[in-house]
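Working notes, beginning with the structure itself.
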Amino acid sequence: MSETKIYKPKQISGFPEWLPEYRAVELGWMDKIRSVFERYGFCNIETPSVEEVDALLAKGGETEKEIYTLTRLQEDAHDKDSRLALHFDLTVPMARYVAQRFNDLVFPFKRYQIQKSWRGERPQKGRFREFYQCDIDVVNVDGLPLHFDAELPAVMFEAYQALDIPPVEMHISNRKIIVGYLQGLGVKDIAFVTRELDKLDKIGVEKVTKILTDHLGDAALAEKCLAVVQIKNDFAAKTRALGVKNDLLEEGLRELDFVMDNLQHLPKGSVIADLGIIRGLDYYTGTVIEVRFKDKPLSIGGGGRYDNLAGSFISQKLPGIGVSIGLTRLFAMLLDEGYIKPAAKCPTQVLVVLPSEERRTEAAAAAQTLRRRGFNVELFHSDTKIKKQLSYAEKKGIPYVWFPPFEDGQPHEVKNMADGKQSAADPSVWKI
RNA sequence: GCGGCUGUAGCUCAGCGGUAGAGCGCCUGGUUGUGGUCCAGGAUGUCGUGGGUUCGAUCCCCAUCAGUCGCCCCA
């Protein structure tokens, strides 16, 4: 045997992977989320991991530096421009998909996508470079009823409720409110101001006040900016009381009011009008949503309305609204806190013991009989001590161990690992 | 991209200028066809990598890589 160089495996930061007993939980979550999405009539699509760089950048913005591009290890001359890149969210691929298949789709187009996205960030707690997102979006031609702005958060909320997680709360606002308000105040650099205001929950009132005062050179104006984003319930009256007159602002208030009205059926306290919700993505133009655990500022999901996301791909006006569950962040956070109880290490329900080499045929036949009857069954293939075979079942958490006859004329027996009881059983009729 | 901290067995970590240890896990045994507990025994490390100081470095210095927390940025 030649001496092989061992490559010591390293954990790659930001690219999470789980043990089987936790992956099983994650898979279960996806199934539940998916079934809620389908209950509201969303169809599924899957788009490639990669898009053309130009497509990803079509909306512009600062996302460029986070995009992973694709190159071959052995790059030849004409690959140099590396035109393919991993998508960093599912919204842009969907926009491209809709524009491209415009004639084949039925509108309003309601789709869900559960796929990974990639972002070349510095990984930190709750931030990954590869992660699952569960997106639902509705896209329509020309106009999209405001009712969807209430339905999508409701669907998303139901999906969270289907999971065994601590209660979440949805914070909802409308971009038109903050933008209209700032316009009404005569603030020029709205993008900068909204970005700073968005940090309120993370860095606190004082820091934001200081940043804005420095930037605007007007403490009173900074105060006014901060006043609106701290408004939560009874938002319309409180906002109007600030005395800013602006049409866009009024429209935003009316829309948010409508959305909140249509979410009344959700549990009290789970939906909060919160004018501090702004969201970083600049394509949002109306309703914006963010989901959090109570008392934790980190977002575990969000979304919003966009007037014309596909505009860079097609000369049709395609407004839409979409929300996304940050599955990996959500899962990793709860895993880290020890909240997630591991599932079984394998799906096996019955381990069929191999008594001896001579009995292999019978053991295999018993396993096959049980499988045909719908059980998840594995056969122990090595002719080793029963002690070892049982220990294997124990370690893997397999609930039943099947003993084919050790001698001619003996019955089959099955052992319940939980209580240790063992009794004769027939593989063609036995039930758990 | 910038700054702080960290890098020793599969995992969590201790240790010391004279080439390493614990707990957990793993393997074997406690006889003949039966797990989880207990008992006894055992294996395992280029002490992240490269260079330097030194008679000698895992321990000191430098560099580098990786991890981690924070900044920037952001779903």
Side-chain angles (χ1 to χ4, degrees), chain A residues 3-16 19 59 61-67 87-92 116-135 191-192 194-196 198-199 201-203 207 211 277-284 288-292 297-304 306 322-330 336 351-356 358-359 363 380 383-407 410 413-423:
Chain A
E3 220 174 278
T4 46
K5 177 97 176 167
I6 301 254
Y7 174 80
K8 197 173 180 182
K10 282 175 290 206
Q11 160 191 8
I12 304 174
S13 170
F15 292 81
L19 288 169
K59 284 309 284 181
E62 289 289 305
T63 37
E64 183 170 356
K65 60 185 175 187
E66 292 191 354
I67 294 177
H87 58 238
F88 59 89
D89 69 9
L90 299 176
T91 309
V92 172
K116 282 178 170 171
S117 293
W118 294 266
R119 290 184 197 178
E121 303 189 81
R122 265 234 116 45
Q124 285 174 35
K125 206 183 191 72
R127 309 172 82 182
F128 298 93
R129 297 197 279 190
E130 177 179 70
F131 53 96
Y132 278 111
Q133 287 183 301
C134 313
D135 274 38
F192 176 86
T194 53
R195 193 167 63 234
E196 295 306 318
D198 196 34
K199 294 179 187 169
D201 281 323
K202 274 183 91 173
I203 65 176
K207 283 187 183 165
I211 293 167
I277 299 301
I278 294 163
R279 314 269 308 160
L281 279 185
D282 45 10
Y283 52 65
Y284 291 131
V288 278
I289 303 126
E290 196 161 299
V291 186
R292 307 169 184 166
L298 203 60
S299 152
I300 52 171
Y306 37 87
V323 292
S324 172
I325 296 175
L327 182 70
T328 299
R329 173 179 282 185
L330 178 65
D336 189 51
L351 174 75
V352 175
V353 157
L354 182 67
S356 61
E358 297 75 54
R359 300 276 157 182
F380 203 93
D383 175 19
T384 56
K385 295 181 178 180
I386 302 306
K387 188 185 177 69
K388 267 202 105 164
Q389 302 193 32
L390 273 164
S391 159
Y392 171 79
E394 160 68 22
K395 278 191 282 197
K396 271 187 126 179
I398 300 171
Y400 294 94
V401 173
W402 195 272
F403 292 89
F406 281 62
E407 310 286 343
Q410 284 184 338
E413 289 183 5
V414 65
K415 180 186 181 92
N416 180 336
M417 293 297 278
D419 60 18
K421 286 190 181 134
Q422 188 168 330
S423 52

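Just so it is clear: chains get the letters A, B, ... in the order the sequence lines come, proteins before strands, and each one is counted from 1. Keep in mind that what you see is a predicted model, and the values were worked out from it rather than measured.
- Each of Arg129(A) and Gln133(A) was assigned the nucleotide of RNA chain B with the nearest heavy atom; the assignment lying further toward the 5' end belongs to Arg129(A).
- Between Glu196(A) atom CD and rC72(B) atom C1' the separation is 11 Å, expressed in whole Å.
- A salt bridge links Glu290(A) with Arg292(A): the closest approach of a Lys/Arg side-chain nitrogen to an acidic carboxylate oxygen falls below 4.0 angstrom.
- For the C1' atoms, the distance linking rA9(B) with rG52(B) amounts to 28 Å, nearest Å.
- Only the P atoms considered, rC11(B) is 36 Å distant from rU54(B), to the nearest whole Å.
- For the atom pair CZ of Arg119(A) and CD1 of Ile67(A), the computed distance is 10.0 Å after rounding to the nearest 0.5 Å.
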Determine which bases of RNA chain B form Watson-Crick or G-U wobble pairs with both distances under 3.5 Å, and write the result as a 5' to 3' dot-bracket string with | for other-strand partners. (((((((..((((.......)))).(((((.......))))).....(((((.......))))))))))))....
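- For the C1' atom pair drawn from rU68(B) and rU53(B), the interatomic distance equals 30 Å after rounding to whole Å.
- Comparing the C1' positions of rC26(B) and rU12(B) gives an interatomic distance of 16 Å, to the nearest angstrom.
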With B for base contact, S for sugar-phosphate-only contact and - for none (protein heavy atoms under 4.0 Å), nucleotides 24-35 of chain B reads --SSSS---BBB
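- Spacing between atom OH of Tyr284(A) and atom P of rC74(B) amounts to 14 Å, rounded to whole angstrom units.
- In summary, of the residues considered (Tyr392(A), Tyr400(A), Trp402(A)), a side-chain contact (heavy atoms from CB on, under 4.5 Å) with Leu351(A) occurs for Tyr392(A) alone.
- The shortest side-chain heavy-atom distance between Asp89(A) and Gln133(A) falls under the 4.5 Å cut-off.
- A gap of 12 Å separates the P atoms of rG21(B) and rG45(B), to the nearest Å.
- Comparing rC72(B) with rG17(B), their C1' atoms are spaced 42 Å from each other, to the whole Å.
- Separation of the C1' atoms belonging to rU19(B) and rA63(B) is 23 Å when rounded to the nearest angstrom.
- Separating the P atom of rU46(B) from that of rU8(B) is a span of 11 Å, rounded to the nearest Å.
- Computed from coordinates, the Phe15(A) CZ to rA66(B) P distance equals 13 Å when rounded to whole Å.
- Between Phe128(A) atom CZ and rC74(B) atom C1' there is a gap of 15 Å when expressed in whole angstrom units.
- Inter-residue side-chain proximity for Thr328(A) and Pro16(A) is flagged as met; some heavy-atom pair is nearer than 4.5 Å.
- Not one side-chain nitrogen or oxygen of Arg127(A) sits closer than 4.0 Å to the OP1 or OP2 atom of rC73(B).
- In this structure, the side chains of Met417(A) and Pro399(A) stay at 4.5 Å or more apart for every pair of heavy atoms.
- Using a 4.0 Å heavy-atom cutoff across all strands shown, Gly304(A) reaches no nucleic acid atom at all.
- One atom, CG of Asp336(A), and another, P of rU68(B), lie 12 Å apart when rounded to the nearest Å.
- Across every non-hydrogen atom of Ile386(A) and Pro355(A), the tightest pair is CD1-CA, 4.4 Å.
- Atom CG of Asp198(A) and atom P of rC74(B) are 9 Å apart (whole Å).
- Closest approach of Phe88(A) to Phe131(A), counting heavy atoms only: O-CZ, 4.3 Å.
- Taking atom CZ on Arg119(A) and atom P on rC72(B), their separation rounds to 18 Å, with Å as the unit.
- Inter-residue side-chain proximity for Lys395(A) and Ser391(A) is flagged as met; some heavy-atom pair is nearer than 4.5 Å.
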